[in-house]
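Residue numbers start from 1 in every chain, and the chains themselves are labelled A, B, ... in the order their sequence lines are given, proteins ahead of strands.
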Protein chains: 2
Amino acid sequence: MTRLVKGQQNKEVLIEREPIDIESFKKMIRQMGLKVTKQRVHILEAMSSGRAHITAQELFEKLNKNHPEIGFATVYRFLKNMTEHSLVTEVRMGGFPARYELTPNQHHDHLNCTQCGKIVEFENESIEELQLAVAKKFNFKLTGHVLELYGQCDQCNSKGSDT
Amino acid sequence: MTRLVKGQQNKEVLIEREPIDIESFKKMIRQMGLKVTKQRVHILEAMSSGRAHITAQELFEKLNKNHPEIGFATVYRFLKNMTEHSLVTEVRMGGFPARYELTPNQHHDHLNCTQCGKIVEFENESIEELQLAVAKKFNFKLTGHVLELYGQCDQCNSKGSDT
DNA sequence: TTCTAAATGATAATGATTTTCATTGACATT
DNA sequence: AATGTCAATGAAAATCATTATCATTTAGAA
Ligand SMILES: [Mn+2]
Ligand SMILES: [Mn+2]
Ligand SMILES: [Zn+2]
Ligand SMILES: [Zn+2]
């Protein structure tokens, strides 16, 4: 069933990203060995503007306004394609629906406010190195990691507690 | 619906845990402000032997052998209770079903083999400190974190690649 | 032992994501 | 530009993990 929900408008603190034009989008799609369809281009356009970390559902709703002909199966399918090709990064916070972002050049991890949903991207080379050291210690070949920090942002802290 | 699946029997490298007796289990349940029922004690018994990181489904199947009267709603419910009281820790690996473990005294994170499912528990004080530093830098009050490392264990590496 | 709220288990419901399948469309080739 | 073919699409159903409902049972206080 298709459910339309008002998504909350949360702030993000992002690392720098370079803007991408439509031609680049088409190039990306071809690089994946897929056909260039208007829905795929629209999905990439939608992902490159607005909230960087978006759920499949939110993305579908956003697209739905200007392109009601795009089905959410297509959104899910293409997100999966792009994730497999590392053009999109899937971010999972606890048991919540996955959020997706166009993979930026610079690797980063996330700091999340559990109160208001604010997402801060950060990069810490020392942590990355220590992770490698841990893997090495246990004779693992490290292929990936998930580092998510949870807490309260300063706004939420100052605004008192609860609810 | 109740589905019975053969769970794979994967190895784990665990930090030390002290054994817990039935009386302690009952104490734990009372501490949560809950009634001591045989199903709850059985669930705790099942969790304290065998694979430390177990899914709700696996736990249900394990219990089902000797205690077919326990419903899986009870398993889920009690796992949730215990998670809320921090007696159990929920571990989420990617989009897979959550795994649960009796919370040990020592905090730790996980190193997972994506090939065979081996789980290694580790603890790295430096990483913990750096996480605090990151949170501080962005004026967050850190309340929790998820750190999961993914890779191939040495056995899987030596056994060649693929499938 | 009695009483009552909490706990249980069978089952239905939910929410996210995936699959199915009939139809459409991209694009390589005439 | 017209054709053919296989990938892509969208609507809908299916799946999977998890949670809620509700009639019945039971722990444990009185
Ligand atoms: Mn990000
Ligand atoms: Mn563990
Ligand atoms: Zn906040
Ligand atoms: Zn392995």
inquiry  = Check the orientation of Phe138(B) and Phe122(A). Use parallel for under 30°, tilted for 30 to 60°, and perpendicular for over 60°.
reply    = tilted
task = Tell me whether the OP1 or OP2 atom of dT8(C) has a side-chain N or O from Lys38(B) closer than 4.0 Å.
result = no
request  = Please round to 10 degrees the angle between the axis of the first five pairs and the axis of the last five pairs in the helix from dT1(C)-dA30(D) to dT30(C)-dA1(D).
outcome  = 30°
message = Please tell me if Arg40(A) has a side-chain N or O lying less than 4.0 Å from either OP1 or OP2 of dT9(D).
response = yes
query = Nearest to the side chain of Glu69(B) - dG28(D), dG9(C), dG10(D)?
reply = dG9(C)
side-chain N/O Tyr76(A) vs dT18(C) OP1/OP2, d < 4.0 Å = no
key: Rounded interatomic separation in angstrom, taking NZ from Lys35(A) and C1' from dA28(C)   = 9 Å
request  = Figure out the CG/C1' separation between Leu63(B) and dG9(C), and round it to whole Å.
outcome  = 14 Å
query = Is there a side-chain polar atom (N or O) of Thr37(A) under 4.0 Å from OP1 or OP2 of dA26(C)?
reply = no
query = Of the nucleotides dT11(C), dA17(D), dT17(C), which one has an atom closest to the side chain of Pro97(B)?
reply = dA17(D)
request  = Report yes if at least one side-chain N or O of Gln39(B) is closer than 4.0 Å to OP1 or OP2 of dG9(C); otherwise report no.
outcome  = yes
query = Do we see a donor-acceptor contact under 3.5 Å between the side chains of His85(B) and Gln31(B)?
reply = no
inquiry  = Both Leu34(B) and Tyr100(B) contact DNA chain D. Which one's nearest nucleotide lies toward the 5' end?
reply    = Tyr100(B)
task = Determine the contact category for Arg77(A): base if any of its heavy atoms lies under 4.0 Å from a base atom, sugar-phosphate if only primed atoms, P, OP1 or OP2 are that close, otherwise nothing.
result = base
message = Any residue in residues 79-95 of chain B with a heavy atom nearer than 4.0 angstrom to DNA chain D? Just list them by number, or reply none.
response = Lys80(B)
message = One thing to verify: whether Arg92(A) and Glu90(A) come together as a salt bridge, which I'm taking to mean a side-chain N less than 4.0 angstrom from a carboxylate O.
response = yes
inquiry  = Tell me whether Glu69(A) is salt-bridged to Lys38(A), with the criterion being a basic N under 4.0 Å from an acidic carboxylate O.
reply    = no
key: Distance test, side-chain N/O of Gln57(A) to OP1/OP2 of dG15(C), below 4.0 Å   = no
